[in-house]
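Worksheet for the structure shown next.
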Amino acid sequence: MTTFMIQTVKGTRDILPADMPLWLRVEAVAREAFRRYGCSEIRTPIFEKTELFARGVGEATDIVHKEMYTFIDKDSDQTSLTLRPENTASVVRAYIQHKMYNDKAQGEVTKLYYIGQMFRRERPQAGRYRQFYQIGVEVLGHDDPAIEAEVIEMLDWMLKELKITDTTLLINSVGDATSRPAYLEKLRAAAAQQLDKFCDDCKHRYETNALRMFDCKNPNCQALIADLPTITDSLDDASAQHFADFKAHLDARGIAYTVNPRMVRGLDYYTRTAFEIIGGSLGAQNTIVGGGRYDGLSETIGGPPAKGFGFAFGLDRMVLSIPPDEAERLRTASAADVFIVYLGEAAREKSFLIARELRSAGLSVALEFEERKMKKAMAQANKFHARYALIIGDNEIATGMYGLKNMTTGEQESLDLESIKSKLLGG
RNA sequence: GCGGGUAUAGCUCAGUUGGUUAGAGCGCCAGAUUGUGGCUCUGGAGGCCGUCGGUUCGAGACCGACUACUCGCCCCA
């Protein structure tokens, strides 16, 4: 490989065929969960007006501040456009734009899900990419804590289905539109008294997003933070009740969780319930799922009041979290029902026709265009993880009876084409 | 935006204090009697040692710059 060769842009990557079984598995499990829980798919544009994210996600966030891929359109207005850094703002925008709430009965919720790539210009590291994939759900139209517990129950099922067991559910309440600012003021007042003892990062956080001081990894800061008031102690009555109900719903479902009063989420739109699911095998970027309630987002982007709760999980990180033995199982799952081994030119021509017939019947058929020695062809059948090898030579063509070898047991029998077809279809 | 690490075969990596023709495992190719895979054995192909410059009689090893990748910080999925 020369240095002249054009390669992928930093922070982006190709997902190669060897890994696709894992990606498809996660997507299939997610879609099955969404089917069971009544979520409908929505696809929004990959770029939107910059203003949507600036207002929706929050001007003060790092995402908006320094991580967006923003460019000027070529129209006369020089519209500023941005590759989506997340999808909640877009989904809520679509919900409002198409007035999806109008045909709903009183209290009926709209459950939407999406699968797609997001873009953030961050420094890449383990489990973090500039183009990354998220699968998310937004439940709009109501603020019942039972919704939150049900959504988490759904995630719980998905993780179990993917054999990802090494996870922890962290929950917190970040208060509502009035209690959060009041708390922030209290927090900043408390922190201000010994601000000089904090690290430089925390001093910066104090200015931009004081809640994030709780996340500091500096042990010295952690000691100072322990004395600061937490938001759970400052919740208004309604938010406190909401949080209690949420926990009761989790308990009723037997879902384990850890209340972390210091867990905050980075996006401005979160209110009340916030949660994270962290994994144990991911390195520093260990958040697999992040989500929460965002009851004020709709108004922020110019819509009517609309309650919302949702999550997004990192598909990249979910794939990384699949345990090695499960990943190996997925990779080696039979790719083809049958691999055709042919010997000689006449058999080669016949094989093409038989392959077509088997494929028409719905079978997955592999065969190679270059003739190989039988030994080598059998080795190929093995490499393809084919369930069966179908052997076609001059004798077989003459008699109409073909060799069908079970690649797992090694047993081989001689059958006519119809019998082969029904045997393969029968499993 | 800020730190650390790495760069040798298709892949994962060895390579002594600088010293002949640069190694292993896996993979690939060819064999171990005829039309039967996995296991084993034998042989083979395949490297401008990231790029450029410097030190030296001599550099894959040492130094510098650049580039790429990677891990972490900030932040986040």
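Every chain is numbered from 1 and lettered A, B, ... according to where its sequence line falls, protein lines coming before strand lines.
As rounded to whole Å, 13 Å separates atom C1' of B:C73 from atom NE2 of A:H204. If you take CG of A:L169 and C1' of B:A77, they are 16 Å apart, rounded to a whole angstrom. Rounded to whole angstrom, the span from the CZ atom of A:R130 across to the P atom of B:A68 amounts to 11 Å. At whole-Å resolution of the value, NZ in A:K373 and P in B:U34 are 8 Å apart.
As judged by a 4.0 angstrom heavy-atom cut-off over every strand, A:V289 is placed among residues touching the sugar-phosphate backbone only. Using a 4.0 Å heavy-atom distance criterion, A:G136 is classed as making no nucleic acid contact. Using a 4.0 Å heavy-atom distance criterion, A:Q380 is classed as making no nucleic acid contact. Base contact: A:I391 has a heavy atom under 4.0 Å from a base atom. Residue A:A126 is classed as a sugar-phosphate contact, given heavy-atom separations below 4.0 Å to backbone atoms only. Residue contacts shown for A:G403 are absent, as no nucleic acid heavy atom lies under 4.0 Å away. Base contact: A:T408 has a heavy atom under 4.0 Å from a base atom. When heavy atoms are screened at a 4.0 angstrom cut-off, A:F311 is found touching no nucleic acid atom at all. If you check every strand for non-hydrogen atoms under 4.0 Å, A:Q117 touches nothing. Here A:Q285 lies in heavy-atom contact (under 4.0 Å) with a base.
Comparing the C1' positions of B:C49 and B:G18 gives an interatomic distance of 15 Å, to the nearest angstrom. When the C1' atom is compared between B:U16 and B:C29, the two are found 34 Å apart, to the nearest whole Å. Comparing B:U8 with B:G15, their C1' atoms sit 9 Å apart, to the nearest whole Å. A gap of 23 Å separates the P atoms of B:G25 and B:U21, to the nearest Å. Taking the C1' atoms as reference points, B:G60 lies 15 Å from B:U51, given to the whole Å. Spacing between B:A9 and B:C28 at atom C1', rounded to whole Å, works out to 11 Å. Across the P atoms, B:G58 and B:U20 are found 15 Å apart, a figure rounded to whole Å. Between B:G54 and B:G31, the distance separating the two P atoms is 50 Å to the nearest Å.
One finds a side-chain N or O of A:R205 lying less than 4.0 angstrom from the OP1 or OP2 phosphate oxygen of B:C74. At least one side-chain nitrogen or oxygen of A:Q125 sits closer than 4.0 Å to the OP1 or OP2 atom of B:C73. Phosphate proximity of B:G37 to A:K375: present, with a side-chain N or O under 4.0 Å from OP1 or OP2.
Among the nucleotides B:U36, B:C75, B:G72, the one closest to the side chain of A:D62 is B:C75. For A:R317, the listed nucleotide lying nearest its side chain is B:A77; candidates were B:G1, B:G72, B:A77. Nearest nucleotide to the A:M378 side chain, out of B:A77, B:G1, B:U36: B:U36. Taking the side chain of A:K383 as heavy atoms from C-beta on, and the options B:C28, B:A77, B:G35, the nearest nucleotide is B:C28.
Distance alone, capped at 3.5 Å, is enough to place a donor-acceptor pair between the A:E371 side chain and the A:G344 backbone.
Under 3.5 Å, the side chain of A:R123 and the base of B:C71 form no donor-acceptor pair of N or O atoms. No donor-acceptor contact under 3.5 Å links the side chain of A:K10 to the base of B:C69. With hydrogens and angles left out, the side chain of A:K405 and the base of B:G37 share a donor-acceptor pair within 3.5 Å. For A:R128 against B:C75, a side-chain-to-base donor-acceptor contact under 3.5 Å is present. In the interface, the side chain of A:E122 is not paired with the base of B:G1 through any donor and acceptor atom under 3.5 Å apart.
Between the side chains of A:E51 and A:S80, no donor-acceptor pair is found at a separation under 3.5 Å. Checked by atom type, the side-chain pair A:Y69/A:E67 shows no donor-acceptor distance below 3.5 Å. A side-chain N or O of A:T44 and one of A:N87 form a donor-acceptor pair less than 3.5 Å apart.
Stacking between A:F313 and B:A77 is absent: the aromatic ring centre is not both under 5.5 angstrom from the base six-membered ring centre and within 30 degrees in plane angle.
Pairing for B:G31 is with B:C41, a Watson-Crick or G-U wobble pair whose two hydrogen-bonding atom distances lie under 3.5 Å. With both pairing distances under 3.5 Å, B:C69 is matched to B:G5 as a Watson-Crick or G-U wobble pair. Base pairing of B:U16 is not made with any nucleotide, judged by Watson-Crick or G-U wobble geometry with both donor-acceptor distances under 3.5 Å. Pairing partner, B:G25: B:C11, with both Watson-Crick or wobble hydrogen-bond distances short of 3.5 Å.
Note on A:D156 versus A:K160: salt bridge recorded, some NZ/NE/NH1/NH2 to OD/OE distance being below 4.0 Å.
Taking the six-membered ring where tryptophan is involved, the planes of A:F309 and A:F275 are essentially parallel, since the angle between them stays under 30° and well short of 60°.
For the pair A:G410 and A:A284, both in contact range of RNA chain B, the more 5′-proximal nearest nucleotide belongs to A:G410. Residue whose closest nucleotide on RNA chain B sits further toward the 5' end, between A:E67 and A:G11: A:G11.
Aromatic rings from A:W157 and A:Y37 are positioned such that their centres are separated by 6.0 Å or more.
Both the sub-6.0 Å distance and the 45° axial angle are not jointly satisfied by A:R272 relative to the ring of A:F243.
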